[in-house]
2 protein chains.
Amino acid sequence: MSSGKVIVYGGKGALGSAILEFFKKNGYTVLNIDLSANDHADSNILVDASKNWVEQEQSILEQAASSLQGAQVDGVFCVAGGWAGGSASSKDFVKNADLMIKQSVWSSAIAAKLATTHLKPGGLLQLTGAAAATGPTPSMIGYGMAKAAVHHLTASLAEKDSGLPENSSVLTILPVTLDTEMNRNWTPLSFISENLLKWTTESSSRPSSGALLKIVTANGESTITPQ
Amino acid sequence: MSSGKVIVYGGKGALGSAILEFFKKNGYTVLNIDLSANDHADSNILVDASKNWVEQEQSILEQAASSLQGAQVDGVFCVAGGWAGGSASSKDFVKNADLMIKQSVWSSAIAAKLATTHLKPGGLLQLTGAAAATGPTPSMIGYGMAKAAVHHLTASLAEKDSGLPENSSVLTILPVTLDTEMNRNWTPLSFISENLLKWTTESSSRPSSGALLKIVTANGESTITPQ
């Protein structure tokens, strides 16, 4: 069994729970960061959504330092996020844009900060973007802006002197759900968990650092395509 | 003299003041939105930086409705913004990213919302991006994320059903200051003001809606290049 350690930010959500339990099954110690605890995690850091970004960062960094006691982690995976729509004329345009930035940008930036502090050299930081946001999103403008910011964060982190440890990688998954009447295809959560484990353990299996990875499932087959 | 009206968001800053005074000189009624009043403006809406995004939006929308009394404007220009650097390992990474999102994304989104309510059909919304953020920005990650969000907002607003009025345009300027020891080139503020006036009055002179317009000055010549 591995004695590896990983951090899952959003480890109480559907995808986060699947990743957390998969890494546990594979011998990893897992630290969950979320609004509520995941009982399968070895330890939990609770996020107080009423706090501002800097307060959340400080609280999470302090608790992570206390929980890890100087140990380094093999991976930091951020699958926190949400969805809300609206064009610019929607009554809730700004309200929803605010929520999207909090859910996606705040969590991704704090995950990046955790990686600069606790990730091993050669480790993996994974963020979550959106395939839709690689183009305009007029009917969900706040969501698109927030995910575009995460995509830009990914590109910056992949550069030299971004603050990430030496030889580490940042990979951002862009899950796509093709939800049509005729052809309802969902990407199995296990497909993402298995790829994350492979990328964590075999750095040679990783796509280039900074990649935005579109994940599409059709006819029961899931594929990963760098954008 | 024209009897046109424009809104300048950030009309107390250096570029905003230049634009505001230039439009005044050309016969426009100008509404300034900023942290403090500009005495050259016909009216001022003060932004309370201690309020959150939704509170700022509500306050600005209420004051704009009261100030405009149903009148429509020819242009909404957003030149609010700022700059702060830092890689992901910088002590102030999250603090500065927060400031950049507040200064650039909050103001741009509220300007877009104002345009959905008060801009004439065929009017002009102008936002401010950053040439640097068309690529990775490892030494100023928060700034790059915020400006990438503004670029994405631009792309979304240029699409059908974005909420902007019919035949209106959204143009985002990307000012570049080439500040080298040998060749110190600054783009004159008048160059931007003059182009804004031309685009406001002659819609046929506008670049395509959704354009990101890099503005470079070299050897005393300023040029605008769509990215």
Side-chain angles (χ1 to χ4, degrees), chain A residues 52-58 61 86-95 97-99 101 105-106 108-117 125 133-165 170 210, chain B residues 52-58 61 86-95 97-99 101 105-106 108-117 125 133-165 170 210:
Chain A
N52 70 32
W53 197 359
V54 170
E55 290 165 346
Q56 288 189 17
E57 177 207 18
Q58 286 171 343
L61 287 178
S87 76
S89 58
S90 153
K91 190 174 62 63
D92 290 330
F93 166 52
V94 166
K95 184 181 155 208
D98 187 46
L99 188 64
I101 285 182
V105 181
W106 289 18
S108 298
I110 294 173
K113 183 78 191 187
L114 281 166
T116 66
T117 318
L125 169 65
T134 58
T137 56
S139 64
M140 45 184 191
I141 297 187
Y143 179 77
M145 278 200 292
K147 291 299 193 179
V150 173
H151 297 176
H152 197 271
L153 172 63
T154 305
S156 293
L157 290 171
E159 296 284 303
K160 200 173 164 302
D161 299 328
S162 68
L164 288 188
V170 53
Chain B
N52 70 33
W53 196 0
V54 170
E55 290 165 347
Q56 289 189 18
E57 178 208 19
Q58 286 170 344
L61 287 178
S87 76
S89 58
S90 153
K91 187 172 64 63
D92 290 330
F93 166 52
V94 166
K95 183 181 155 208
D98 187 45
L99 187 64
I101 286 181
V105 181
W106 289 20
S108 299
I110 293 173
K113 182 78 191 186
L114 281 166
T116 66
T117 318
L125 170 65
T134 59
T137 55
S139 63
M140 44 184 190
I141 297 185
Y143 179 77
M145 279 199 292
K147 291 298 192 180
V150 173
H151 298 176
H152 197 270
L153 172 63
T154 305
S156 292
L157 290 170
E159 296 283 304
K160 200 174 162 305
D161 298 328
S162 68
L164 289 187
V170 53

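Residue numbers begin at 1 in each chain, while the letters A, B, ... track the order of the sequences.
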Q | Considering all heavy atoms, the nearest P136(B)-E159(A) contact | A | CB-CG, 3.5 Å
Q. So, for G135(B) and H152(A), which heavy atoms are closest and what is the spacing to 0.1 Å?
A. O-NE2, 2.7 Å
Q. What part of V105(B) lies closer than 4.5 angstrom to a heavy atom of chain A: side chain, backbone, both or neither?
A. side chain
Q: Side chain from CB out, backbone as N, CA, C, O: work out which of these in D161(A) comes under 4.5 Å of a heavy atom of chain B, or both, or neither.
A: backbone
Q: Heavy atoms only, distances under 4.5 angstrom: which of S90(B), A158(B), G144(B), G142(B) has the most pairs with chain A? Name it, please.
A: G144(B)
Q: Sort out for me which of A97(A), S139(A), S162(A), A155(A) touches chain B most, counting heavy-atom pairs under 4.5 Å.
A: S162(A)
Q: Can you measure from CG (L99(B)) to OH (Y143(B)) and round to the nearest 0.5 angstrom?
A: 12.5 Å
Q | Side chain, backbone, both or neither of T116(B) within contact of chain A (heavy atoms, under 4.5 Å) | A | side chain
Q.
Applying side-chain contact (heavy atoms from CB on, under 4.5 Å) to I110(A) and W53(A), what does each step give before you reach the verdict?
A. CA-CA 9 Å; I110(A) 294 173; W53(A) 197 359; 3.9 Å; yes
Q: Would you mind checking which part of K160(A) comes under 4.5 Å of any heavy atom in chain B, side chain (CB onward), backbone (N, CA, C, O), both or neither?
A: backbone
Q | Option that, when pairs with chain A are counted at under 4.5 Å, heavy atom only, ranks first among L153(B), V54(B), T137(B) | A | T137(B)
Q) Do any N or O atoms from the side chain of H151(A) and from the backbone of A146(A) form a donor-acceptor pair under 3.5 angstrom? A) no
Q.
Only pairs of heavy atoms separated by less than 4.5 Å count here; which of A112(B), A148(B), S89(B) has the most with chain A?
A. S89(B)
Q.
Which one wins on heavy-atom pair count under 4.5 Å against chain A: A115(B), G86(B), A109(B), G210(B)?
A. A109(B)
(Q) Quick check on L164(B) against chain A: is it the side chain, the backbone, both or neither that has a heavy atom closer than 4.5 Å? (A) neither
Q.
Using 0.5 Å steps for rounding, measure from the CE atom of M145(A) to the CE atom of M145(B).
A. 13.5 Å
Q. So, the side chain of K147(A) versus the backbone of T134(A): is there a donor-acceptor pair under 3.5 Å, distance only?
A. no
Q) Sub-3.5 Å donor-acceptor pair from the side chain of N52(B) to the main-chain atoms of E55(B), do we have one? A) yes
Q. T154(A) versus chain B, heavy atoms under 4.5 Å apart: side chain, backbone, both or neither?
A. neither
